[in-house]
Each structure stands twice: as C-alpha cells, then as structure tokens.
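Remarks on the structure that follows.
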Number of protein chains: 2
Amino acid sequence: MTFAPRPQAGDLSFLKQLNRSAVLEALRQTPGLTRAEVAQGSKLTKVTVGAAVQALLNEGWLQEGDLQRRGGGRPGRALYLNETRHALVGVEIGVHELHVVTCTLRGTILEERHLALLQTTPEETLDRLAILVEEILETPEIKQRECLGLGLAVPGPTSPSQRRLSLAPNLGWRDVALLDMLRERLPHLGGIWLMDNEAKAAAFGEMYFRNAHHPTPGSLLYISAGSGIGSGLVEGRPLRVIRGVHGLAGEIGHTVLQPSGLYCHCGNRGCAETLVSGWSIRAALGISEESELDKAIARHPEQNRVATTLKHAGEALGMLLLNLHHTLNPAEIVIGGSLTRLGPALMEPALTMFEEHQNRLLPDASRIVPRVLDDSRIVAARGIAAEILSQALSDTPASPRSARVEN
Amino acid sequence: MTFAPRPQAGDLSFLKQLNRSAVLEALRQTPGLTRAEVAQGSKLTKVTVGAAVQALLNEGWLQEGDLQRRGGGRPGRALYLNETRHALVGVEIGVHELHVVTCTLRGTILEERHLALLQTTPEETLDRLAILVEEILETPEIKQRECLGLGLAVPGPTSPSQRRLSLAPNLGWRDVALLDMLRERLPHLGGIWLMDNEAKAAAFGEMYFRNAHHPTPGSLLYISAGSGIGSGLVEGRPLRVIRGVHGLAGEIGHTVLQPSGLYCHCGNRGCAETLVSGWSIRAALGISEESELDKAIARHPEQNRVATTLKHAGEALGMLLLNLHHTLNPAEIVIGGSLTRLGPALMEPALTMFEEHQNRLLPDASRIVPRVLDDSRIVAARGIAAEILSQALSDTPASPRSARVEN
DNA sequence: ATAGTTAGTTAACAGTATTTACTTATCAAT
DNA sequence: ATTGATAAGTAAATACTGTTAACTAACTAT
C-alpha cells in the first residue's frame, strides 16, 4: 500500500495552533516555567507567549503557580498544565487482566481499576470493560472533569488503521474491531478514541512522561516480556512510534534466535518467544498455570531446573537485546512486562550476555534501564493515555484573537 | 545522552517558508501540476499558491511548462522544479572505489566519475576524491549551475553529529573527521555539507526519488549487501532516517543468526556478516581477491562448493530479512549492494526462505523489491545528494513580500 | 456568437507575531 | 526609606501573511 499525503502547509490559524502547542509542550516537559522562560526556550517573543498563555489560562489548559525568584529583577509567575480540569482514560486488555486508569494532564494517576479475566470472547470482555470504565467515570474525582478521550492498549498487533486488533495469540482472538465495539458500549464518552499495541503504548508513555529526574532520551525501545514478547520503538522529535505498514513492527517474539530450536505456534523454529516468554518458561518447567510459576520459583530458587531455565531464558533475552541494539540502536532499552517480576534470575544473565557480546570495535551501546513507572500493571494503560494527551495538546482548538475573553 | 530541544514554534516567515516548501514538495512528487492543482492538494488557496509560485519562479526554483488541458475551462500552466539552474554533488567512498555524481533538482544524473581505490589512508583517499570533485565541478554542464551542497556517503556508521566516520572495518579506518577533512580540501565549495552511512543514504534516495511509476511506500528498508552488510530505514512523513543514538541503527551485519557459528571480527559468533557478505563468501570459497569471485562463479556455476555456498548465504539473507520484517515491518525491503550482482543464485534461496517462514497466523509481510536505480555504483552517492536536496528545498530563504521582484 | 467553466490575478481585509515603549515588581546599595 | 539596576509582563502601533471577493483570461460546448 502506498500513500502520498498532502505536503504540510497551513494558514495563520495553523501557525497559532502550532505556537499554542509549543507553549503547552514546553510546560509539559518543564513544569513551572515562567512566560519569559517559555519565550526564551521557543523562538517566540514574550509578547506572543504572553498572549498565548493568557488564552490558555482562560480556556483552562494552564494554571498559574507561585512567583519564581531567579536573580535580579521582577520575579515571574510559574505556569503549569492545569491538573484539575481534564481527565484521560487509559485501558489495557491484558491476557489475564483488564486495567483501567485515569490520569491528569501531568500524568498523575487519579483512579485505577483491575479485573482478573478468564479466557473469553471479545464481546464479553468488552461488556465487562465498559462496566469498569463507567464505574471509574462515576468517581467523584473524575465526574467533575472533562474527559479528553479514551485509549485502548491490546496484547497484539493492530491493523494499519489502528481500529482493529489483528491477532492476539494469547487470547485466541483474531481481526476484531475492538475500538468500535468498545465505543458502541460507551456511547456517551466523547473526545479522542485511540487503540494501540500494548508495547507501543507503553513505549510512548515511558518516553512521554519523563521529567527532569528521568530525562527524555533521544529514542526508546520498550520490551514487553509477558505471556509473549513484543516491543515498541519511539523515536525523534516530534515523538514518533514506529508501527510498520501492517502494524507488525516490534513483533520481536518471532525473531529467530536458534534456527534449529523448538517449534513456535507461528510455524517456525527457535523464535525468541520459544525461549523467553511466560508460556515458554512454564513449558520448560512443566507448569500449566500462570500462578504456579512464582510458587515454583519461590519454593526452589536454586533448584537446578528452575535456575537453568531462567538462565537460558535470560541469555536468550540478552541475545535479543543485542540484535535490537544492532538494528535500532535506541538511546534506552526499557525492560517491562510481567516477566520482570522474576527479577535478577532473568535479568542478570541477560545483562551479562548483552555486555559480554558487544562489538569490540564499537563499544557504544544502548543503555538498558528499568521502567520508570513502578507498577507494571498500568504501564500500557497510562501509555495509551499519553498518546491521547499528546494528540489533545497538539490540537487545542484556538479561537481568533478578537474573541479573546477579557478578565 | 539526552536532549530536550525546543518545541517547534515559529513566526510568520516560518509559515511562509513552510508553505513555499509545501509547494516545492508537491511539484517534486508530482511534476507538471498547475497552480490550481497544487492549491487543491495542499490546504492553501490559489491566491497563496499563485504568489508563492511567482516568487519561486523569480528565484529560479521553478520553471513553467506547457498548458495543461483538463476538461472545461481555461487550461493551467504546468510547473516543474527547475532542472537547469542548480546542481547537487553526491560522493561515495566505497571499499574498493570512489564514486562522484552530480544531479539536478529532479534527480537526473548530470555527470559521474568513478575511481578504483587501493586500501589507503583517509588523507590520500580524500586528496584523490577532492581532485575528482574539482574535475566534475569544472565540467561545462556543472560550471554554469549553482551548487546547493555536497554529500558524502561512507561504508560504516557515522558519529551522532554526522561529521565523523566512527568505523569502517573494510577500510581499516576508525573515528575519522572525514567531512571536515574533505571540506578543507574543497574550500571554495559552499552550500550544505552532509555525511551519512551509505546504506542510510541509499535508503533515503530510493524513497525520495520515487515517482508515479514507482510509488512511494510508507516506509522503506534498504539492505546494502557488499563487503559487509548494512541497512537503512526511512519512515513516515516528513521522511525520517532512523539512525540510532550512536549512529549504529542498521548495523544488521552483527545481528546473530547462528549462536554457535563462525567467529566474526566484532568478536562474536554467527553474525549475519559471517554468512552473507563479500568477505564471508570469498572465505568460504577460499578466494582472496574480490575480482576472483565473479570468475569462480562464472566458471563453475553449478560446482557444488560454489552453489552450496551461495545457497547458504542466500538462506541466511532470507532469515535476516524475516527478522527485519518482524522488528521493523517496512512497506518495502529493497535489496542493494554489490552482492546483488550474484543474481538469483543468492536471491532465490533468500526469497524462498522468506516466503516459507512467514508467521502462518500473520500472513502480511513486507514486500521485497529490487532497486529502482539500476546502477548499483551510484545508489548511495545519489542518495546522499537526495538528503542535501531535501534540506535545500525545505529551507529556501524567502524574502518578505514587499521585496517581491516585479516582472 | 454565447453561455458555462476553470485558471490565475488584483485589491481589500482579517489575523498573527513583532517592535517599541511602558508598567510592575524585586534586589542591592546607599 | 530611597534610589538605581534588572527583569517580567503588558499595551499600542506596525509589518507580514493568508484569505475573501471580485475580476480577467482562456478554453469548451451549444
């Protein structure tokens, strides 16, 4: 499939919108800047910034804070994204659980809900999900806010339109119009609606919600190691998620690590997923239930079979990371997903493999770092909320200056 | 390393520049459009387009063509990028050869020079290269034109600044400030100066110079299989080359295909480069000279050793393509580089491997296509020229309207 | 010929950011 | 306390850009 979209062009209102979102983006990345600091950081004059800030204050996107004393002259007033007016809804359909979160413009989690889920149909899952969302929307904390949109993170690749889930092997689903089906069940919820793969959503969120303490890298690859293994790459400015033509970018679980290895459900041999994934580790240990795995590990941490299985899985992960470093060379590789709960038993062999097999002529390597967000259950849900937020902030409908609200 | 660049913002002249380059880009992608058609294709009115076109005609960026009759009313006048006024210089330092090309705004090759090169120092190489460039600049065809810049494509990863070559194993060079060194040798040549890895440059060029007959895909991965094996990914609109933090993205030659395979010069085992590259194939056949390889293949095309070596190399390439499809899922994978001269002996096993090992649950796959540009020697040189051109067209210095030239 | 249609231009206009000048608010030295 | 220096933020005039509306130009169909 080919496309030749219109070359970017715009009128004066487009320029105004661009500058408004530049102001919002500056304050999102660095909360508490003053008008003058925003002006210095952009290519805009303080007059333009002042006008834009005034409008954004009137419209409820920004709020003012304390006076900031920085040296000699008149102190400026700190500006922040308004935490109190809007809400974003992020939803993840996991293999074993549903997760719903709401957060503010600054990424602060307001409410969260979790629901264990047995393997079932898309329809039943969405019925329950809709109830969960309705419930969270009725919370006093949320009800008073304007909802900017809802995002849905799913455990499999999405169609190019990002309205259908192409395949979710661990749910047994295939080519389901999940987004529209959820929307039918939540007819009153307006705003922006988005769907994305959970690893790509998580990648976006990890990148987007970085702050001064965890600075934003130039590019970030999120590895989601759970029942299967997927990844998401976020790159450059403005942030771009690499999705591929068919939405299959990041399906690293079917990268071949051992040409004569075990057979994978995809039909090939030695896929990464046959070595480092929830199901492959359980299969190697002869465990059928998800919950049994932790027990087995807790009970016999040094038991030969458990230890070597995790070691082999970790080494395979390390090899996978090496290959990804050589093909994508992201500034950071963030390891996430439910398998991270296995801790050093998995990660130490992985890191050892990664470090010992660097190209000896090219010692630079991607940094491998842990998640910033601690709770693995809400990474993807908050990530897809971040995708909503990013869209919302870059397209705040601007009214002409003549319609300015006087105060 | 982290960066937090200024959020994009701009003044009125920025908007004007944006619209000017939208007009240029529309005419580059679809030569022969009329003012009215450009206006329909962008979000601009015909008045704005008319004014921009007038200015661009005056400044020599555009030229008018024949009247276009399309239905009822007054015919419009065809517009084209001006082929006669500017020139771009693209240079490739290959492992065995230097290539210099010049081309027009529409990518038409004006002149080319090639020079065989024995392994030598950067200094001597650049001395010879500078002479070659001076020579081509003195050609009557070029001398009358304005040179917009020079691009340099190199057989190895570049530093993040893209001013240094980090490593070129096949040349024995390491961390050389090639761009500045070349510039010192060509002090009179102004304009834009750029350096990039040859595979990335080729990828950009293959994407950028597509036309109605070879439509532009959504994303493109160029595989450069030569002495080593590298790749370049170009993605999205506006076009973006994925380079990685340290410029190491696309170094797929050091992706591991056989964990217990042959040792590679990078220190690891079973790298792609140990299976599918000029040196690995020669090593497998016990041939030391580059030129001997073609002779050996021509002499004994069905000889067991030759055939099985190429088959194994091809299968390894197919496996590599599979992994790249699963991690990047580009719309197109273009196979280039000097190894393509081996033809079906290499490519057939590769394509067979690729097709037979698709994920049986996800039948969509990246399309594997041959180069559009026939001559493999100038792909990278023309590609880096395209990078220059892309920069030049998006930043044509616009003068205020009051300074308009009357005619 | 005449009406209808589309391309392109002109002049008046509306909207945006900037420049310049000004007010406000703090600090530091007297 | 008073004064001067410095910086933040605002107001009015200005310059620049794209748009709207009206017009001319050029061709087709009847």
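Being a predicted model, the structure only gives us computed values, none of them experimental. Every chain is numbered from 1 and lettered A, B, ... according to where its sequence line falls, protein lines coming before strand lines.
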Can you name the residues that form a salt bridge (charged side-chain N to carboxylate O under 4.0 Å, His left out) with [X], not counting sequence neighbours?
X	result
A/Arg69	none
A/Arg183	none
A/Asp180	A/Arg163

With sequence neighbours excluded, tell me which residues meet ring-ring contact (aromatic ring centres under 6.0 Å, His included) with B/Tyr208.
-> B/Phe204

In chain order, what residues pass the ring-ring contact (aromatic ring centres under 6.0 Å, His included) check against A/Trp61, with sequence neighbours excluded?
-> A/His86

Using modelled atom types only, decide if a donor and an acceptor are shared between the side chain of B/Glu83 and the backbone of B/Thr104 within a distance under 3.5 Å.
-> no

DNA chain D: A/Gly76 or A/Leu12, which has the more 5' nearest nucleotide?
-> A/Gly76

Between B/Thr45 and D/dT19, is there a side-chain N or O to OP1/OP2 distance below 4.0 Å?
-> yes

Are OP1 or OP2 of C/dA17 and a side-chain N or O of A/Asn19 less than 4.0 angstrom apart?
-> yes

5′-ward residue of the pair B/Ala51/B/Gly10 relative to DNA chain C | B/Ala51

Derivation of the side chain to side chain donor-acceptor pair (under 3.5 Å) call for B/Gln29 and B/Glu25 = CA-CA 6 Å; B/Gln29 282 189 36; B/Glu25 180 61 17; 2.9 Å; yes

Using whole Å, report how far [atom1] of [X] lies from [atom2] of [N].
X	N	atom1	atom2	result
A/Arg20	C/dT16	CZ	C1'	13 Å
A/Leu33	D/dA8	CG	P	12 Å
B/Gln54	D/dT17	CD	P	16 Å
B/Leu18	D/dC16	CG	C1'	16 Å
A/Leu44	C/dT16	CG	P	14 Å

Reading 5' to 3' through nucleotides 22-30 of chain D, protein heavy-atom contacts under 4.0 Å coded B for base, S for sugar-phosphate only, - for none = ---BBBS--

So which pairs with a foot in residues 15-49 of chain A pass ring pair (Phe, Tyr, Trp, His ring centres under 6.0 Å), sequence neighbours left out?
-> none

Name all residues meeting the side-chain contact (heavy atoms from CB on, under 4.5 Å) criterion together with B/Leu67; count only those two or more places apart in sequence or in a different chain, and write none if there are none.
-> B/Pro75, B/Arg77

Select base, sugar-phosphate, or nothing to describe what A/Arg77 touches, counting heavy atoms under 4.0 Å on all strands.
-> sugar-phosphate

Output the single nucleotide from D/dT17, D/dT19, C/dT18 whose closest atom is nearest the side chain of B/Asp11.
-> C/dT18

Using the C1' atoms of the five pairs at each end, what is the angle between the end axes of the helix from C/dA1-D/dT30 to C/dT30-D/dA1, to 10°?
-> 0°

